Amino acid sequence: MGTPAKHPRAVPRHLQAAVSTVSTAQILRASGYSAAEPAALRALSDIAGRYIASLGRAAAAFAEARGRTEPNVADAVLALEEHALGGFPGASDPTRPLLCSGALAELAQFVAAVREVPFAKPLPRRDSGCGSGNGWESFAAAGREPPLSHVPQWLPCFPEGWEERLRVRCQEAANDEKDTGQVVTVMNGNGKRGMPENREKLSFRFGQKRQRVKPSDKHGGAFERFTKQGENSLSIECISSASNLVMGP
Amino acid sequence: MLGSVVRKIPDELVEHYLGRSGFHCPDLRLTRLVAVATQKFLSDIASDSLQHCKARVAAPIKDNKSKQPKDKRLVLTMDDLSKALREHGVNLKHPEYFADSPSAGMAPSTREE
């Protein structure tokens with residue numbers, strides 16, 4: 001996919017949607033609209049994002065077709081010409097000079113015609129504080145040995161504090177596996193533990209063949225596949241007495 | 001040309017979308033070029049749908065009504081937007097209502113146009 005992006009998540013998803021919505025609203029306002037339906041605004045801002053991505057994809061494809069990993073202005077102009085669905089002046093000439101392209105001329109006309117309005121609010125610029133322009137540095141380039149023997153030197157450096165995070169995550173995983181023995185019960189409006197009357201209690205047990213019970217209709221037939229018994233298959237046992245229910249503290 | 005450009009679409013947003021499609025370029029001018037191209041695209045769509053909106057307003061006009069009150073509130077509707085987008089190669093279909101209750105969509109004459 002070419003060079004890796006600067007950050008895996010430079011802009012979170014909601015922020016990017018909100019920012020593109022604001023930009024689109026400003027552009028609509030500049031075109032003469034005083035209001036917009038929310039669905040229409042969201043759709044148009046999504047389309048704007050997709051258009052940018054499409055231009056980027058086309059430019060990257062043109063660059064890679066010529067053996068380069070980073071697109072330059074020629075690739076960008078070719079991408080623009082490809083996206084001009086209504087055509088542009090000079091499209092019929094295959095030997096046309098790229099930098100004098102008709103698509104660029106139309107763009108220049110647009111720039112000359114539009115008024116000056118900056119973006120509504122300044123955006124935080126996520127600059128990479130360390131490493132090269134690509135945002136990451138390999139162990140070999142940093143002159144460090146990888147902390148674990150199976151990690152090759154040409155991979156990027158581990159982020160700061162990875163040992164702490166790993167320890168915390170292992171601890172959390174160990175805590176989750178512990179069985180606290182609690183059962184979550186539904187509370188009624190008056191604070192008591194609520195249970196619908198005449199409710200069948202279900203339990204699942206592996207391995208042994210139990211008495212086959214026809215699934216009740218109130219489950220919508222969802223458990224039908226469990227009634228086909230195999231050697232070591234899951235079976236459903238209906239317990240009608242309330243004494244088998246485990247109540248948590 | 002880019003020196004006098006008006007930047008409604010911030011560079012960070014453009015870089016994010018370009019990064020997602022594999023366009024990594026340290027040159028800021030290219031990013032601005034893409035931003036201006038997108039802005040032009042959106043303005044074209046906006047002006048096309050504005051024409052549709054004005055055409056719709058002008059059509060049912062009667063002699064005793066004046067055009068002024070309707071011109072003050074130009075609202076972008078999904079209908080105008082989908083018509084404008086069709087000419088740019090985007091198919092946008094929007095359901096008019098979601099049938100969540102028996103009375104939804106039953107009285108189209110009372111729906112506000």
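Only heavy atoms go into these numbers, but all of them, side chains included; no hydrogens, no water, no symmetry mates. Here is how names work: the chains are called A, B, and so on, in the same order as the sequence lines, proteins then strands, and each is numbered from 1. The structure displayed is predicted, hence computed values, not measured ones.
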Which pair of heavy atoms, one from [X] and one from [Y], lies closest together, and at what distance?
{"X": "A:S23", "Y": "B:K8", "value": "OG-O, 3.3 Å"}
{"X": "B:A37", "Y": "A:L55", "value": "CB-CD1, 4.2 Å"}
{"X": "A:V19", "Y": "B:P10", "value": "CG1-CG, 3.7 Å"}
{"X": "B:M78", "Y": "A:A40", "value": "SD-CA, 3.2 Å"}

Side-chain heavy atoms of A:Q16 within contact of B:E12, under 4.5 Å: no

A:F110 side chain near B:Q39 side chain, heavy-atom distance below 4.5 Å: yes

Of all pairs that satisfy ring-ring contact (aromatic ring centres under 6.0 Å, His included), the ones with a partner from residues 36-63 of chain A, not counting sequence neighbours: A:Y51-A:H83, A:Y51-B:F41

So which part of [X] gets closer than 4.5 Å to some heavy atom of chain A, the side chain, the backbone, both or neither?
{"X": "B:V90", "value": "side chain"}
{"X": "B:S82", "value": "neither"}
{"X": "B:L92", "value": "side chain"}
{"X": "B:L42", "value": "both"}

Hey, what do you get for [atom1] ([X]) to [atom2] ([Y]), rounding to the nearest 0.5 Å?
{"X": "A:E106", "Y": "B:K40", "atom1": "CD", "atom2": "NZ", "answer": "5.0 Å"}
{"X": "B:T38", "Y": "A:I27", "atom1": "OG1", "atom2": "CD1", "answer": "8.0 Å"}
{"X": "B:L74", "Y": "A:L28", "atom1": "CG", "atom2": "CG", "answer": "11.5 Å"}
{"X": "B:H16", "Y": "A:I52", "atom1": "NE2", "atom2": "CD1", "answer": "9.5 Å"}

Pairs satisfying side chain to side chain donor-acceptor pair (under 3.5 Å), at least one member in residues 84-94 of chain B, at least two apart: B:D48-B:H88

B:S21 side chain vs A:A53 backbone, donor-acceptor pair below 3.5 Å: yes

Residues from residues 157-167 of chain A approaching chain B under 4.5 Å (heavy atoms): none

Residue part contacting chain B, namely of [X], when any heavy atom lies under 4.5 Å:
{"X": "A:L80", "answer": "side chain"}
{"X": "A:N72", "answer": "backbone"}
{"X": "A:Y33", "answer": "both"}
{"X": "A:L85", "answer": "side chain"}

Residue selection (most heavy-atom pairs with chain A, distance under 4.5 Å) from B:A35, B:S43, B:G89: B:S43

Residue selection (most heavy-atom pairs with chain B, distance under 4.5 Å) from A:A76, A:S31, A:A103, A:P71: A:P71

Chain B contacts, top residue of A:A63, A:A59, A:S20 (heavy-atom pairs, under 4.5 Å): A:S20

Working for side chain to side chain contact (heavy atoms under 4.5 Å, CB included), residues B:I9 and A:T24: CA-CA 8 Å; B:I9 304 183; A:T24 319; over 6 Å; no

Exceeds 12 heavy-atom contacts within 6.0 angstrom, atom CZ of A:R68: yes

All salt bridge (Lys or Arg N to Asp or Glu O under 4.0 Å) counterparts of A:R57, not counting sequence neighbours: none

